[in-house]
Amino acid sequence: MPQTLRNDRFLRALRRESVDCTPVWLMRQAGRYLPEYRATRARAGSFLAMAKNPEIACEVTLQPLERFDLDAAILFSDILTIPDAMGLGLHFVDGEGPKFERPLRDAAAIAKLGVPDMETELGYVMDAVRVIRRELDGRVPLIGFSGSPWTLACYMVEGGGSKDFARIKAMAYNDPKALHALLSVNTDAVIAYLAAQRAAGAQALQVFDTWGGVLSPAMYREFSLPYLTRIARELERGEGAGRTPLIVFGKGNAAWLGDLAESGAEGVGVDWLIELGDAARRTGGKVALQGNLDPATLYGSPEAIRREVRRALDSYRDGNGGSREGHVFNLGHGMSPDMDPEHVRVLVDEVHAYSRR
């Protein structure tokens, strides 16, 4: 496996080192907005068929890199691979998203869960990481990822997506011991999963706490933050320049940036509901920041996109004492299927052009 990266500015930014320009990658950069992705999905037959075939997962991972000057690739997979491997019966319903055949509704069901074997039940993910690293051949770093313990638990208890998270919040109030048991086994599984991705070749790792923002402050402190901190502190990532950086991303996490900066993660991803300058001040240079353009900006005109990119880059510098170091440009959440690929090109090119020294 090649050791030398031709473009390492993403990893340098996460170490808060000097870079020639701000690196950029986009959450859901491999997705339905790309016609080549839609063609591959039609050929494969389903989302899960793509995700569980390492060669197809590699093909899809690389598609956005063929179009855009991105500074990182992210493994094509899904955050729900862990609960699927735990036997909950993941499937996707058109127009409704992921569903579980056997959602968790009580302590007895939770007690039966165990950490999956990473090279058997989740071996297809590790095979995909190995194939992608081989095909990238040092072009850019590869990001591996997982859902957070809380976000995974939301899907596992609700049985799919939710508008009000009534079932899991009821469990939090009525049987917190059962919910902590679920979060604990999820945390063990996430640590093992990310470690296996790192061993297979992932060069950076991200935890998606997508639903952390639905919690009240007291509930976030009890049911999300401690488990994110456990991952950041217990996940073996190496030392020095060879350390594999961990990014913790959450929607609605502005109130927790100070705590997340103390978690042990190298980077914190933020959504668009806080100015990057404010996020930089709250984290005090302890972590790199990733974000935070509103994805809906991509529905704007090319000039509007350029303007908002510049605004975000300037905001980070303003909050970081004029320094550009320690920033990875990204969206504040994932892209949508109806976005224009040419608008993505405008965004990526403007990040590099405006931030270049």
Side-chain angles (χ1 to χ4, degrees), residues 48 51-52 54 57 74-91 98-130 143-161 168 171-172 175-202 204-212 222-237 244 246-250 263-265:
L48 277 179
K52 293 191 174 186
I74 183 166
L75 165 70
F76 178 74
S77 188
D78 192 83
I79 65 168
L80 299 179
T81 50
I82 288 175
D84 182 42
M86 288 175 166
L88 272 60
L90 175 65
H91 60 286
K99 301 282 184 184
F100 284 114
E101 295 171 8
R102 294 172 288 281
L104 304 170
R105 296 289 157 77
D106 54 44
I110 291 167
K112 295 175 184 175
L113 296 176
V115 175
D117 185 277
M118 297 301 152
E119 287 294 347
T120 54
E121 288 126 318
L122 287 163
Y124 66 90
V125 177
M126 308 317 147
D127 288 342
V129 171
R130 287 185 274 264
I143 304 166
F145 71 91
S146 172
S148 73
W150 164 257
T151 293
L152 295 179
C154 287
Y155 287 100
M156 295 162 83
V157 173
E158 298 288 341
I168 193 164
M171 183 180 286
D175 196 352
K177 184 178 177 182
L179 182 52
H180 280 298
L182 173 56
L183 293 167
S184 182
V185 71
N186 280 356
T187 302
D188 292 341
V190 168
I191 291 170
Y193 187 52
L194 293 175
Q197 290 182 46
R198 177 175 180 261
L205 300 164
Q206 177 157 313
V207 174
F208 286 86
D209 192 29
T210 308
W211 300 126
E222 182 172 358
F223 296 111
S224 184
L225 182 62
Y227 297 99
L228 293 172
T229 300
R230 235 195 86 198
I231 293 165
R233 294 186 179 170
E234 294 181 19
L235 176 63
E236 176 55 47
R237 304 197 288 288
T244 304
L246 174 70
I247 304 162
V248 176
F249 165 77
S263 68

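Throughout, residue positions are numbered sequentially from 1 according to the sequence presented.
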Side chain to side chain contact (heavy atoms under 4.5 Å, CB included) between L183 and L152, worked out: CA-CA 9 Å; L183 293 167; L152 295 179; over 6 Å; no
Heavy-atom side-chain proximity of I191 to R230 below 4.5 angstrom: yes
Closest contact, heavy atoms only, D209 versus L228: OD2-CD1, 3.7 Å
Whether F208 and F249 hold their rings parallel, tilted or perpendicular, with breakpoints at 30° and 60°: perpendicular
Pair K52 + E121: basic N to acidic O under 4.0 Å: no
Smallest separation among heavy atoms of G212 and T151, with atom names: N-OG1, 4.3 Å
pair T244-L205: side-chain heavy atoms closer than 4.5 Å: yes
Cationic N near anionic O, under 4.0 Å, R105 to D175: no
Approximate separation, where rounding is to 0.5 Å, of S263 OG and L225 CG: 8.0 Å
Candidate pair Y227 and H180, rule side chain to side chain contact (heavy atoms under 4.5 Å, CB included), full reasoning: CA-CA 10 Å; Y227 297 99; H180 280 298; 2.6 Å; yes
Which atom of R130 lies closest to which atom of A200, heavy atoms considered: CG-O, 3.4 Å
Straight-line distance of K112 NZ to R102 CZ, nearest 0.5 Å: 11.5 Å
F100 vs H91, ring pair (Phe, Tyr, Trp, His ring centres under 6.0 Å): CA-CA, chis, key distance, verdict: CA-CA 6 Å; F100 284 114; H91 60 286; 8.1 Å; no
Close side-chain approach of L88 and E101, heavy atoms under 4.5 Å: no
Closest approach of S146 to I82 (non-hydrogen atoms, all atoms of both residues): OG-CD1, 3.9 Å
Pairwise side-chain contact, Y193 with V115, heavy-atom cut-off 4.5 Å (strictly under): no
Any donor-acceptor pair under 3.5 Å from Q206 side chain to L246 backbone: no
Approximate separation, where rounding is to 0.5 Å, of S148 OG and F223 CZ: 13.5 Å
Exam field: side chain W150 to backbone W211, donor-acceptor pair closer than 3.5 Å: yes
Heavy-atom donor-acceptor pair, Q197 side chain to F145 backbone, under 3.5 Å: yes
Taking every non-hydrogen atom, the tightest pair across F76 and A57: CB-O, 3.6 Å
For the student: nearest non-hydrogen atoms of M86 and N186, plus distance: CE-OD1, 3.8 Å
Candidate list L80, L90, D78, test side-chain contact (heavy atoms from CB on, under 4.5 Å), partner L48, passing option: L90
Distance-only polar pair, side chains of T81 and Y124, donor-acceptor under 3.5 Å: no
Exercise: do S184 and T187 side chains pair donor with acceptor under 3.5 Å: no
From CD1 (I110) to CE (M156), nearest 0.5 Å: 8.0 Å
Residues L182, L104; criterion side chain to side chain contact (heavy atoms under 4.5 Å, CB included); working and verdict: CA-CA 9 Å; L182 173 56; L104 304 170; 3.7 Å; yes
